[in-house]
Structure formats: structure tokens, C-alpha cells
Amino acid sequence: NSKVIQTPRYLVKGQGQKAKMRCIPEKGHPVVFWYQQNKNNEFKFLINFQNQEVLQQIDMTEKRFSAECPSNSPCSLEIQSSEAGDSALYLCASSDRNTGQLYFGEGSKLTVL
Amino acid sequence: GDSVTQTEGLVTLTEGLPVMLNCTYQTAYSTFLFWYVQHLNEAPKLLLKSSTDNKRTEHQGFHATLHKSSSSFHLQKSSAQLSDSALYYCALSGPNYNVLYFGSGTKLTVEP
């Protein structure tokens, strides 16, 4: 079973609504990633953190998405104003940085009506 | 920039036949290559990884050899099982903070 815990597993939002997903990374892993897996099963990197700081993010994330990984709290990814094209599976992953290997959660499936 | 190419989107096989899923990559850096497998409604999980040129790596009956000369990391298995039906992703570890760049994935369906 995955040790990266994501909640909720499913969420349904209307266009323009906020959508927030949470992730508890594997214990001891300082780096957290968010990926979007679209309906064609393609992965898109969104953002990653080391401890509480953003390491890298794509343009889309900067504009309509907000993400954080506060100390002693779950990481979160929030879409400020959902669009139909945001419907996807959002995968959180964590890494110990030494091996390059990512450990994924089961994802939060967002449906924007 | 870094990229990974998987040429087969869908592969359908009969149980017992060999599996070969292609993966080629492009990078300016020395890095890790990975194969991840994602079963339906499950988290993607690491299947294989390698950074060593021309060394075969094996796990759960699957194997792959990183060939830097041809920028390839093809996934193989001698005999497909029904339980191998899943999505398979080849991925490349980039130079920045271990971001993985994924290929477009191959959906493998194994039929009786």
C-alpha cells in the first residue's frame, strides 16, 4: 500500500469553484511533487517543494494554482478557479532525493462540471 | 530539453507471449531511467531503475538494459501474465531536484 496519503480520492466542482487536495508525504522524505495525469493518462509536472520551499513550478501552476507544504501539516494543492480542462487525476509523490525515485499516492480525481 | 518517447500507446498480447515496450530518451545529463507501472485505480509504482550503461536490471520478472549509445531503456519480459495488464511509464530523472519526466505511457493488455 502507498505510504503517500492523498485526500480526498474524488472531488467534483463546478467551473469557477476552488478545488483543494491534500497530501501527506512518506515520512522522512523532504521533497514533494505534484503531477497532473490527464484523461489520456499523460503525466504533467506541476510543482515541487523541498521542505516548505518551492523548488520548481510550471507557468500554469503560477497563475491559477497555489500549493504549499507547511511544517507539520499536509501539503496542499489548490486550484483557485476550476476550469473544465482541470479535470484530471492529481498525483502527489515524495522523494528522499538520494535515489531519484518517486513514491506516489493514489491520487485525487477532480471532475469539473 | 529532457524528454522521453514511448512509441506504443496500446499493446495487446496473449498470455505467455514475450513483452517488449520501447523507451527512448533525450537528455544532456547523466541520469537515472525508470519504469513505473500503474494498475487500474492504483498509485504508480517503481518497477525498474538504472543509471549504469549496458547493465541489465531485473525485478518481478521484468528486465531492462540502459543503452546510452542509443538512448534506450526498453522493458522486457519473457512471458506475459494476465496480472501484467496495466499502464507502463518510462521516466527520466532530470538534473533539477529529481523531477521525473514521463513518457506518454503504454497501456498493456494481456488476454487469455
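A quick note: this is a predicted structure, and the numbers were derived from the prediction, not measured. Here is the naming used below: chain letters follow the sequence lines, and residue numbers restart at 1 for every chain.
Using a 4.5 Å cut-off between heavy atoms, A:Leu91 touches chain B through its side chain atoms alone. Contacts of A:Gln6 with chain B are absent, with no heavy-atom separation under 4.5 Å from either backbone or side chain. Both the backbone and the side chain of B:Leu100 come within contact range of chain A, each with at least one heavy atom under 4.5 Å from a heavy atom of that chain.
Figure legend: cation-pi geometry between A:Lys109 and A:Tyr10 absent, as NZ or CZ is not positioned both under 6.0 Å from the six-membered ring centre and within 45° of its axis. A cation-pi arrangement, defined by a distance under 6.0 Å to the six-membered ring centre and an angle within 45 degrees of its axis, is absent between B:Lys49 and B:Phe34.
A centroid separation of 6.0 Å or more is found between the aromatic rings of B:Tyr101 and B:Tyr25.
Comparing A:Gln101, A:Glu42, A:Arg9 by how many heavy-atom pairs each has under 4.5 Å with chain B, the most go to A:Gln101.
Between B:Glu8 and B:Lys107, no side-chain nitrogen of the basic residue sits less than 4.0 Å from a carboxylate oxygen of the acidic one, so the salt-bridge criterion is not met.
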